[in-house]
Each structure stands twice: as C-alpha cells, then as structure tokens.
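All residue numbers refer to positions in the sequence shown, counting from 1.
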Amino acid sequence: MKKTWIEIKGKLSEHSPEISESFSNPATQDEISHLETAIGQKLPDSFVSYLLTFNGQNHNNNSVTFVGANCLLTITEIINLWTLQNDLFGDEPNIEITENKIKPKLWDKGWIPFADFMGQQRLVIDLNPGINGTYGQILQLWAGQDLEDDEVVVAGSFEEFSEKILEYLQKEKITISDENIIEFDDFWLI
C-alpha cells in the first residue's frame, strides 16, 4: 500500500503540485494505536499502511482537496469526526429501509471517516457492513443519499479504492477543475 500511495502522490505532482504537496507526514504507530483505541476497533492493514505513509492532508486553508471535494483527514480529524458523528447519531434507531450493502442507519460506529467535505459528504471505511456488503468496503455518504443503492459503495476495500485512484491518475482519466478539484472521468466520486 505504501508504494501505491507514493505513486499516487508522484502522479499528483504532475497534475497538481498543490494537492501533492498537501500530503502530511506519516503517522506513527503510537498515533495509529491511539486511533484504534479511540474507535474501539482494529483498522484494515491497507489503511494502516496508508497512514504510515501519509497521515491525511494539510488542508487548513480549505482550498486543497483530494478526491472530488473531499480532503483526506488526519488521525486527529478522524477521531474528532467519528466521535462527533457517534455523539449526534449513534443512538438513532435504524432507518426503515431494506438493508443492503450497508446498515440502515444515519451513522454506524463501524463507519470510519477518512475523507470529508465540510461535513456535507464523506468517504468512510465500513467495518460493520450490511447483509450484502463486505467488511472494509468504502462508502461515499451524504445527506439524503439512497442507502439501499449499490452505488453507496465505491470500492470493496481501501486497497481497491487506492489502486483505482492510482489507475485513473496513470491513465490520465481525470480532470482538475479551476478550483483544484480532481474529477474522475467515470468513477462515481463527488
């Protein structure tokens, strides 16, 4: 996974040096242990490997994104957002929809956010999938989304997600908007 993310950063430097330069230094093993303790769950090895390569992005000025309008979160931001979501929605009853790939909930403690756009949309690793889902699948969530739809899952794992991003960068199947947002030609990410 480390090699994949180093290649992603390298390809980004060709297309958008600002995005490439926004990648944070690697997380430490202690920081990752703190994250796993805070969320009460073990993270997939591929995500741990990513964090040991880059601990999210430095996006304090809110002008640097990564995929769609989403910024990669640091460990501290992951913990803060996960805690906030659990405080706000953790005790909510299930939504009255048919369970498909994800749990029929507004929020599940098994959803670990790793990218976010101003609280409006986010990418999460799903550690508690629905009956037709896969442990570790990547979800794209936003308010009003059809949670029964298969398209809520954008990749079967963090590794698949990462490899797909790299593939699109290598094949130049991207557009970088005037706002420095990466848009993928036919990969459903907003």
Side-chain angles (χ1 to χ4, degrees), residues 1 4-5 8 12 16 19 22-23 39 41 43-44 46-47 50-51 54 56-57 59 62 64-75 77-86 88-90 92 94-95 97-169 173-177 179-190:
M1 191 58 25
T4 299
W5 277 91
I8 287 171
L12 282 172
S16 175
I19 295 174
S22 73
F23 280 45
I39 64 173
Q41 300 171 81
L43 294 165
S46 59
F47 189 65
Y50 151 75
L51 289 172
F54 300 114
Q57 286 177 281
H59 50 88
N62 291 327
V64 180
T65 64
F66 176 62
V67 290
N70 292 282
C71 295
L72 293 168
L73 302 174
T74 65
I75 286 176
E77 292 166 329
I78 291 170
I79 292 170
N80 291 342
L81 181 55
W82 181 87
T83 301
L84 175 67
Q85 290 297 109
N86 279 290
L88 293 173
F89 305 111
E92 293 289 320
N94 284 358
I95 302 169
I97 59 173
T98 304
E99 183 174 333
N100 185 13
K101 291 188 173 189
I102 70 171
K103 296 290 186 187
K105 296 183 170 199
L106 291 175
W107 182 259
D108 188 275
K109 70 178 183 177
W111 295 347
I112 315 304
F114 68 91
D116 185 75
F117 173 66
M118 301 173 72
Q120 297 177 19
Q121 63 197 34
R122 63 186 45 102
L123 294 168
V124 304
I125 299 171
D126 186 359
L127 303 182
N128 187 26
I131 56 175
N132 297 319
T134 305
Y135 177 85
Q137 65 193 359
I138 304 302
L139 310 179
Q140 181 171 243
L141 302 173
W142 67 84
Q145 181 178 22
D146 180 359
L147 299 177
E148 295 174 290
D149 193 334
D150 285 348
E151 289 187 342
V152 71
V153 176
V154 295
S157 66
F158 188 76
E159 184 173 3
E160 180 186 318
F161 171 83
S162 304
E163 289 170 354
K164 196 167 195 174
I165 298 291
L166 178 58
E167 175 188 342
Y168 275 67
L169 288 167
K173 294 171 68 174
I174 62 165
T175 303
I176 301 194
S177 72
E179 294 83 26
N180 214 21
I181 295 173
I182 299 172
E183 298 169 358
F184 296 89
D185 292 352
D186 59 357
F187 185 23
W188 189 71
L189 282 174
I190 59 172

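- Inter-residue side-chain proximity for L81 and R122 is flagged as met; some heavy-atom pair is nearer than 4.5 Å.
- Residue I97 comes nearest to P104 through the heavy atom pair CG1-CB, 3.5 Å, listed as atom of the first residue, atom of the second, then distance.
- Of all heavy-atom pairs spanning S46 and F158, the tightest one is OG-CB, 3.5 Å.
- Nearest heavy atom pair, residue G156 against residue T134, reads O-CG2, 4.1 Å.
- No donor-acceptor pair under 3.5 Å is formed between the side chain of E92 and the backbone N or O of F89.
- Considering CD1 of I79 and CD1 of I112, their distance stands at 10.5 Å, rounded to 0.5 Å.
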Could you walk me through whether D126 and N128 pass the side chain to side chain contact (heavy atoms under 4.5 Å, CB included) check?
-> CA-CA 6 Å; D126 186 359; N128 187 26; 4.2 Å; yes
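- Side chains of F114 and I138 form a contact here, defined as non-hydrogen atoms less than 4.5 Å apart.
- One distance of note links CG of L88 with OG1 of T83; it measures 10.5 Å at 0.5 Å rounding.
- Between the OG1 atom of T4 and the CD atom of E163 there is a distance of 5.5 Å, given to the nearest 0.5 Å.
- The OH atom of Y50 lies 9.5 Å from the CD1 atom of I8; values are rounded to the nearest 0.5 Å.
- Between Q140 and Q121 the shortest side-chain heavy-atom distance does not fall below 4.5 Å.
- In this structure, S162 and M1 approach most closely via the heavy-atom pair OG-SD, 3.5 Å.
- W107 has its side chain within reach of V124: a pair of non-hydrogen atoms, C-beta onward, lies under 4.5 Å apart.
- With no hydrogens or angles considered, no side-chain donor-acceptor pair links S157 and E160 at under 3.5 Å.
- Rounded to the nearest 0.5 angstrom, E99 CD and N132 CG are separated by 8.0 Å.
- Contact check for Q57 versus I19: side-chain heavy atoms found under the 4.5 Å cut-off.
- Using cut-offs of 30° and 60° on the angle between ring planes, the pair W5 and F23 is tilted.
- Using a 4.5 Å heavy-atom cutoff, the side chains of L141 and W111 are in contact.
- In this structure, Q85 and P113 have side chains that are not in contact, with every pair of non-hydrogen atoms separated by 4.5 Å or more.
- Judged by distance alone, the side chain of Q137 and the main-chain N or O of K101 form a donor-acceptor pair under 3.5 Å.
- With values rounded to the nearest 0.5 angstrom, N70 atom CG is found 6.5 Å from D116 atom CG.
- Counting heavy atoms from C-beta on, the side chains of I165 and L169 come closer than 4.5 Å.
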